[in-house]
Amino acid sequence: MRDTPPALGRFVLGAFLWLPPCFAAWYFSAPFQAAVAGRLARGLIDLFAPGVVSGLERQGSDLLFVTTLEVHPGPGLTAVLVPEVNPLLYTYGLALFVALMLASRSRWRAILGGAAILLAFQAWGIAFDLLAQIAPNLGSQATAQAGALDWRREAIALGYQVGALVFPSLMPVVLWGLFNRSFVQASLRPGGSAASAMQDCSTGPGASR
Amino acid sequence: MTRFLVLFAIIMVALFAAELTPPVQAAIVLPWTEALARISAGIATLFDSHVAALGRILRNTSNGFAISIEAGCNGIEAAIVLIAAIFAFPAPWKHRAIGILAGLAAVQALNVVRVISLFYLGQWSLPVFEWAHLYLWQALIMLDVLVVWLFWIRTIPVRSVAAR
């Protein structure tokens, strides 16, 4: 990998060209990624609703969370909730991230580091998808069992919105920006007010205008 | 960079919170989503007379296929990200205003392409529609936001080249 950042036009073209192969690679490696993100998500769920998830299984590309929540669909009938989560909804940003990093000729170490950081946000999305299913989308009995009451319900709704609408596509771009500050700086006009500001911000921790 | 990231996060959270409130939904989100359906139908009718918009639904009048433009597909989230990124970056106010107007036009133009392409992809193959809708177009729209922002920061006027 070369250290010199490419020109902006070349970077944009590179990102578009890298996107299809990166999406293909992501799709075929998605089950492995989902397994790791699913385990992390289980840990996150335990923080919000301890003891609710008793097992994690995979069915195709979907994650099945076996819970301890019981529901009674009819008289004398008892069932355990096993909500499904499609992890692809939360992991596709990896393809975007890798395409951006390759287009800006980033180092492989940075790409792997960024992919590892992304796992945390993917786990967030998966965890809140599950929590949203067992909290506001179900009857009061299951919700009360999960301890998902009042403020916790609101927090779960907000966490789900952020995890589904914001993190999957935004975090790859934010991480790319953090790993490529020199590229962003190189995009600025030399001597411009913004160029000076970026210089100030990147010369030391806590530097601000 | 730290200052930019903090400001970006604060503005974005504030705009997202505002977007979820009923007044903003009623005054901006719903009318824009319906307008997006009408614009998409208007463009599609240039080459296909069997397209009609009803509220936020885009429908093929001959085969009955329809798509509904929902949250996350109306380009408002992408617009919020772009606005937050432009406001958080140090630049003259006039330049910010121009960046937001031009940037929103670019993002929404691509979003119209997304809606129309998904409308036809859905009639051709539902699995392909799902793939493009849930993964590919989400990434492309955010890539568009990034590209618009990078081009915008490139046009921020020089303050004092001679002095340096």
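Note that this is a predicted model, so its numbers are computed, not measured. Throughout, a chain's letter reflects where its sequence line sits, starting with A, and its residues are numbered from 1.
Here the CE atom belonging to A/Met171 is positioned 10.5 Å from the CZ atom belonging to A/Phe97, to the nearest 0.5 angstrom. The line from CZ of A/Arg42 to CD1 of A/Ile45 is 8.5 Å long, rounded to the nearest 0.5 Å. Atoms CG and CG, on B/Asn63 and B/Asn60 in that order, are 3.5 Å from each other to the nearest 0.5 Å.
Enclosure of atom OH in A/Tyr27 is not indicated, since only 12 or fewer non-hydrogen atoms of other residues, nucleotides or ligands lie within 6.0 angstrom.
Comparing A/Leu100, A/Val173, A/Leu165, A/Leu88 by how many heavy-atom pairs each has under 4.5 Å with chain B, the most go to A/Leu88. Of the listed residues (A/Leu170, A/Leu89, A/Leu158), the greatest number of heavy-atom pairs within a distance under 4.5 Å of chain B belongs to A/Leu170. Contacts with chain A were tallied for B/Leu150, B/Leu5, B/Val145, B/Val13; B/Leu150 has the most, counting heavy-atom pairs under 4.5 Å. Of the residues considered (B/Leu143, B/Leu20, B/Val81), B/Leu143 shows the highest number of contacts with chain A, using heavy-atom pairs under 4.5 Å.
Interface residue B/Phe8: only side-chain heavy atoms are found under 4.5 Å from chain A. If you measure heavy-atom distances from A/Val162 to chain B, you find no contacts under 4.5 Å at all.
Listed in order of number, the residues of residues 119-141 of chain B that approach chain A to under 4.5 Å between heavy atoms are B/Trp131, B/Leu134, B/Tyr135, B/Leu136, B/Gln138, B/Ala139, B/Leu140.
For the side-chain contact (heavy atoms from CB on, under 4.5 Å) with A/Val85, the lone residue among A/Ile126, A/Leu64, A/Asp62, A/Leu56 that qualifies is A/Ile126.
If you check the side chains of A/Glu84 and A/Gln133, you find no donor sitting under 3.5 Å from an acceptor. A donor-acceptor contact closer than 3.5 angstrom links the side chains of A/Tyr90 and A/Asp129.
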Derivation and outcome, side-chain contact (heavy atoms from CB on, under 4.5 Å), residues B/Ile43 and B/Val51
CA-CA 9 Å; B/Ile43 292 172; B/Val51 184; over 6 Å; no
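The closest side-chain heavy-atom distance from A/Cys22 to A/Leu96 is not below 4.5 Å.
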